[in-house]
Amino acid sequence: MMNPKSKDCVFCRILDGSIETDIIYRESGIAVFRDANPQAPVHLLIVPEEHIATINDASGVIVAECMEAAKKIAKDLNIAENGYRTVINCNKDGGQEVDHLHVHLLGGRKMGWPPG
Ligand code: 5GP
Ligand code: ZN
């Protein structure tokens, strides 16, 4: 069952146009826009159109579609060969701040490990 868009969710409001944001890719239920507080030269958020709070609530198909979009965009932006990082934060210990499933796509610099 499709969840309704949440009026309290910042990403739902970006997706419905009530928060103006440049959406750089939108196809097959997936949208991509720049993170407002970028942590790397490339820092994009890959977001399903459907309001799903966390990866715990998501089907494997939706997660796979987000990751396929991340791969495609990394290739389009010419960071695929040098490399990049995808991150899904989940809930409190994972550092999730926006409760609408999203994949961070980070690239354009060498990433450190382990993450904080
Ligand atoms: P989380 O910590 O939930 O994994 O990541 C949420 C991300 O959303 C953060 O990196 C934050 O900078 C970004 N973010 C929060 N509010 C907005 C917004 O209104 N617009 C955009 N483009 N990004 C946002
Ligand atoms: Zn939402």
Side-chain angles (χ1 to χ4, degrees):
M1 195 171 87
M2 296 281 283
N3 295 321
K5 288 198 188 285
S6 165
K7 68 177 171 43
D8 299 323
C9 170
V10 65
F11 289 174
C12 284
R13 295 183 64 210
I14 287 171
L15 295 173
D16 74 14
S18 55
I19 297 176
E20 203 176 313
T21 301
D22 188 16
I23 296 183
I24 64 173
Y25 171 93
R26 195 166 204 167
E27 215 174 280
S28 308
I30 304 287
V32 180
F33 48 86
R34 288 181 195 81
D35 195 292
N37 183 22
Q39 302 301 312
V42 175
H43 187 174
L44 303 176
L45 299 172
I46 293 135
V47 175
E49 301 258 3
E50 185 182 355
H51 179 86
I52 300 166
T54 79
I55 190 173
N56 291 339
D57 310 299
S59 69
V61 170
I62 287 210
V63 176
E65 286 170 350
C66 289
M67 297 308 280
E68 285 295 336
K71 280 167 56 181
K72 177 185 175 351
I73 286 154
K75 201 170 170 203
D76 289 350
L77 296 178
N78 285 318
I79 59 170
E81 201 173 317
N82 278 352
Y84 56 91
R85 181 170 292 171
T86 54
V87 175
I88 299 175
N89 296 323
C90 181
N91 284 338
K92 186 164 56 71
D93 281 0
Q96 184 175 6
E97 286 175 3
V98 176
D99 290 338
H100 180 133
L101 175 65
H102 51 284
V103 176
H104 296 257
L105 171 61
L106 297 142
R109 67 166 169 86
K110 182 140 176 51
M111 300 294 151
W113 192 264

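In this text, all values refer to a predicted model and were calculated from it rather than measured experimentally. When a ligand or atom number is given, it counts from 1 through the structure's own listing order. Side chains are part of it too, since the values below use all heavy atoms of this structure and drop only hydrogens, waters and symmetry mates.
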Kindly report the ND1-the Zn ion (ligand 2)-SG angle for His51 and Cys12 respectively, rounded to 10°.
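Rounded to 10°, it measures 110°.
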Can you name the N/O/S atom of His100 that is nearest the Zn ion (ligand 2)?
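Minimum-distance N/O/S atom of His100 relative to the Zn ion (ligand 2) is ND1.
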Following the transitive rule for hydrophobic clusters with a side-chain heavy-atom cut-off under 4.5 Å over Ile, Leu, Val, Met, Phe, Trp and Tyr, establish whether Val87 and Phe33 coincide in one cluster.
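Per the 4.5 Å side-chain linkage, Val87 and Phe33 are not co-clustered.
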Tell me whether Phe11 is reachable from Leu106 by hopping between hydrophobic residues (I, L, V, M, F, W, Y) whose side-chain heavy atoms are closer than 4.5 Å.
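Different hydrophobic clusters.
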Would you say that Leu15 contacts His100 through its side chain, given a criterion of any heavy-atom pair below 4.5 Å between the two side chains?
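Of all side-chain heavy-atom pairs linking His100 with Leu15, at least one is under 4.5 Å.
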Report yes or no: does Glu65 contribute a side-chain atom to a donor-acceptor pair with the main-chain N or O of Pro48 at less than 3.5 Å?
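No; judged by distance alone, with no hydrogens or angles, the pair does not exist.
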Kindly assign one of parallel, tilted or perpendicular to the pair His104 and His43, based on the angle between their ring planes and the thresholds 30° and 60°.
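Rings of His104 and His43: tilted, as their planes differ by 30° to 60°.
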For ligand 1, the residues whose heavy atoms come within less than 4.0 Å (ordered by chain, then number):
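The 4.0 Å shell around ligand 1 contains Val10, Phe11, Ile14, Phe33, Arg34, Asp35, Ala36, Asn37, Leu45, Asn89, Gly95, Gln96, Glu97, Val98, His102, His104.
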Can you list every pair that meets side chain to side chain donor-acceptor pair (under 3.5 Å) and has a residue in residues 75-86, with sequence neighbours left out?
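Residue pairs passing side chain to side chain donor-acceptor pair (under 3.5 Å), neighbours aside: Lys72-Asp76.
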Could you point out which residue of Ile52, Ile88, Val47 forms a side chain to side chain contact (heavy atoms under 4.5 Å, CB included) with His102?
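The side chain to side chain contact (heavy atoms under 4.5 Å, CB included) with His102 is passed solely by Val47 among Ile52, Ile88, Val47.
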